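Read the numbers this way: they start at 1 and go in the same order the structure lists the ligands and their atoms. This structure is a prediction, so every number in the text was calculated from the model and none was measured.
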Amino acid sequence: MMETELTIVILAAGLGTRMKSAKAKVLHRAGGQTLIEHVVDTALQLTPPDRVFVVVGHQADQVRQALGARGVGFIEQTEQKGTGHALMVGREALSPLPGRLMVLYGDCPLISAGTLRRLIGQQRESAAAATLITTLLEDPTGYGRVIADAAGRVEAIVEQKAATSEQLLVKEINSGIYCFAAAEFWAHIGRIRPDNPAKEYYLTDIVEILGRAGHSVRSMRISDPAEVLGINNRIELAKVDALFRGRKLEELMLAGVTIEKPETVTIDSSVRIGMDTVVEPFARILGSTTIGEECLIGACSILRDSRLGRRVVVGPFTSIQEAHLEDDAQAGPYARLRMGAQVESGAHVGNFVELKKTRLGAGSKAMHLAYLGDSDIGQGVNIGAGTITCNYDGVKKHATLIGNGAFIGSNSTLVAPVEIGECAYLGAGSVITHAVPPEALGLGRSRQVNKEGWVRKRRKVALS
Ligand code: UD1
Ligand code: MG
C-alpha cells in the first residue's frame with residue numbers, strides 16, 4: 001500500500017549529546033546501516049520519496065550523503081531548539097501538503113512498516129486529530145510518559161525532566177511516532193512554547209494543545225517494545241544492533257541458510273544469501289555482499305561488499321573485500337582478496353595468498369604464499385608457492401599479464417610491467433624482467449655449482 005496522501009517527516013537534526021560522540025547520532029550504525037537509513041527505508045515502503053522529508057542540522061551534509069540517491073527531501077534546522085521546533089521550520093514547505101502527516105524520529109530505527117500501516121489505518125478510521133504509538137516499559141526512564149484516560153484518550157505527554165513523581169510511575173511511554181491529520185497539526189503547531197526546564201519546543205506538547213482546541217488524540221499501544229526502542233546512548237545502540245542482527249539471522253535461517261552458533265555470527269541487513277549455504281561460527285558478512293546457493297563460509301572469515309556465485313568455498317580466516325568469486329571458486333584458509341579481485345569459476349586461491357585488482361582465470365590455481373597485484377591471469381594457470389608480482393616501482397603501479405595455461409615456478413618474482421605468454425613455463429626462483437614468449441621456458445636465476453669433495457678438504461684445513 002503506497003499512500004500518496006501521506007507525508008512523512010523524520011527528525012534527525014540533533015547531535016545526541018548522550019552518545020558522547022563528535023558524530024551526529026543518526027549517523028551511528030546498527031545492523032550495518034546508519035540509523036537514519038533504516039528509518040528512511042521504512043518510510044519509503046509507505047509513501048513516495050517526494051513525500052518523505054528529513055529534518056537535518058548537525059552534520060547535515062553527511063546525513064544527506066548517507067541517504068545517497070533515495071530521492072527524499074531535506075529541511076534544514078540550523079539551531080536545534082527541540083522536536084517541536086524541528087517541525088516548525090518545515091511549516092512553509094510541508095503545510096500545503098494534504099492528507100496525513102506522520103512523524104518519525106531518526107533515533108528509533110526498529111519500527112516496522114507493518115506497524116506504521118496499522119497506525120495509518122487506525123488514524124484513518126478514527127475521528128481523532130492524531131494517533132500515537134505507545135508501549136509499556138518495565139523501566140520507562142528517559143521516555144515521555146503518556147497520560148491517558150481509561151478510554152485510551154491521550155490527555156498529555158510529560159517528559160522525564162518535567163514530570164511529577166507520580167507521573168514518573170507511569171509505565172506507558174511515548175514512542176515518538178505519530179500520525180496526524182495534517183490540517184489540524186499545522187493549524188496548531190505555532191502554539192508550542194519553550195516553557196519547560198530545557199527551554200525547548202517539545203513536539204509532545206501538541207497533544208495537550210489539540211485537546212484544549214477540542215480535538216481528540218488516541219494511542220495505539222503495541223505489545224513488542226523492541227520496535228520503538230529509541231537510541232540515546234551507546235548501550236542502547238548495542239542493544240538495537242543485536243536486535244537487528246538477530247532479526248537478520250532468523251530471516252536467513254527461515255529462508256534455508258544454515259548458521260552455526262548464530263550468536264557469534266554478524267550479518268548486515270543488506271546482505272543476501274542463497275539456500276543451503278552454510279555459515280560457520282564467527283563469520284562476518286557485511287555491506288552489499290551477495291552469496292549464492294550451497295556455499296560454505298568458513299569460521300572467522302570477513303566478507304564485505306563482495307559477490308559469490310554458487311558452491312563457492314571460503315576457508316576459515318579469509319578476508320574478502322570488493323571481490324567477485326564465480327561458481328565453484330575456492331579461497332582460503334587465510335587468503336586475502338580485495339579491490340576488485342576476481343576469481344573465475346573453479347579457480348582456487350589457497351593459504352596466505354593475496355589478490356589485489358587481479359583476475360584469476362577459470363580453473364587457475366594459486367595455492368600457497370603469493371602476492372598477485374594488478375594482474376590479469378588467464379585460465380588453467382598454475383601459480384607456484386611464493387610467487388610475487390612486483391607491481392609497484394615506488395612511484396607507479398604496473399600490470400602483469402599471464403596467458404592461459406602458463407606455469408609459474410615457485411618463488412618467481414615478476415617485475416611489472418611484464419607479460420608471460422600462453423603456456424610459457426618459468427623455472428622456480430626466477431626473477432623475470434622481460435616478456436616470456438608463448439610456450440617458452442623462462443629462466444632468470446644463476447646456475448647451480450657443485451664443488452666435489454669440498455667438505456672433506458675444509459675439514460683437513462681446520463684440523464691441521
Ligand atoms: C523524544 C520524546 C519523548 C519520547 C522519545 C522516544 C520529545 C520532546 N520527547 O525524547 O516523549 O519518549 O523521544 O524516543 O519529543 N531532533 C531534531 N531537532 C531538535 C531536537 C531533536 O531533529 O531540535 C531529533 C533528534 O535528532 C532525534 C529525535 O529528534 O532523532 C528525538 O530527539 P531526542 O533528543 O532523542 O528526544 P528524546 O529525549 O529521546
Ligand atoms: Mg531519543
Exercise. Parallel under 30°, tilted from 30 to 60°, perpendicular over 60°: which one fits the rings of Phe352 and Tyr334?
Worked result: parallel
Between Lys397 and Tyr392, is NZ or CZ placed under 6.0 angstrom from the six-membered ring centre and within 45° of the ring axis? yes
Going by the 4.0 angstrom heavy-atom rule, the piece of Ala13 near ligand 1 is both
Distance col, row Ile177:CD1 vs Cys179:SG, nearest 0.5 angstrom, shows 11.5 Å
### Message
With respect to the Mg ion (ligand 2), please indicate if Tyr105 possesses an N, O or S atom at a distance under 2.8 Å.
### Response
no
Q) Side chains of Gln33 and Ser270: donor-acceptor distance under 3.5 Å anywhere? A) no
Honestly, for Glu159 the part within reach of ligand 1 (heavy atoms, under 4.0 Å) is side chain
- Query: Do the non-hydrogen side-chain atoms of Met102 and Tyr178 ever get within less than 4.5 Å of each other?
  - Reply: no
of all protein heavy atoms, closest to atom 5 (C) of ligand 1 is Asn174 O, 4.0 Å
Check: of Leu203, Leu11, Val103, Leu229, min heavy-atom distance to atom 27 (C) of ligand 1 comes from Leu11
Within 4.0 Å of some non-hydrogen atom of Tyr202, the atoms of ligand 1 are 8 (C)
_I'd like to check whether Gly176 has a polar contact with ligand 1, where a contact means an N/O of the residue lying under 3.5 Å from an N/O of the ligand._
no
Atom 21 (C) of ligand 1 has as its nearest protein heavy atom Thr83 CG2, 3.8 Å
Under 4.0 Å between heavy atoms, the region of Val228 that gets near ligand 1 turns out to be neither
Nearest non-hydrogen protein atom to atom 35 (O) of ligand 1, with distance, is Asp107 OD2, 2.9 Å
If you scan protein heavy atoms around atom 25 (C) of ligand 1, the nearest is Gly14 N, 3.8 Å
Logged contact type for Arg145 with ligand 1, heavy-atom cut-off 4.0 Å, is neither
The option among Ser175, Ala12, Ala162, Cys108 carrying the non-hydrogen atom nearest to atom 6 (C) of ligand 1 is Ser175
Atom 38 (O) of ligand 1 has as its nearest protein heavy atom Arg18 NH2, 3.2 Å
Interatomic distance, CD1@Ile291 vs CZ@Arg310, rounded to 0.5 Å, equals 14.0 Å
Is the NZ or CZ atom of Arg64 positioned over Phe74's six-membered ring, under 6.0 angstrom from the centre and within 45° of the axis? yes
For atom 11 (O) of ligand 1, state whether the nearest protein heavy atom is under 4.0 Å away.
yes
for atom 23 (O) of ligand 1, nearest protein heavy atom and its distance come out as Gly82 N, 2.8 Å
Between the side chains of Asp139 and Lys171, is the shortest nitrogen-to-carboxylate-oxygen separation below 4.0 Å, so that they form an ion pair? no
Answer key: the N, O or S atom of Asp107 nearest to the Mg ion (ligand 2) is OD2
Does the N or O separation between Tyr105 and ligand 1 drop below 3.5 Å for any pair? yes
Parallel, tilted or perpendicular, judged at 30° and 60°: which one describes the rings of Phe244 and His38? parallel
Here the atoms of ligand 1 under 4.0 Å from any heavy atom belonging to Lys81 are 23 (O)
The atoms of ligand 1 lying under 4.0 Å from a heavy atom of Gly144, numbered in the order shown, are 3 (C), 4 (C), 11 (O), 12 (O)
Taken to the nearest 0.5 Å, the spacing of Arg338 CZ from Arg304 CZ works out to 14.5 Å
Heavy-atom proximity to atom 18 (N) of ligand 1, picking from Gln80, Lys25, Gln77, points to Gln77
message = Below 3.5 Å, N or O to N or O, backbone or side chain included: is there any such pair between Gly230 and ligand 1?
response = no
For Glu326 and Val312, the nearest pair of non-hydrogen atoms, with its separation, is O-CG2, 3.3 Å
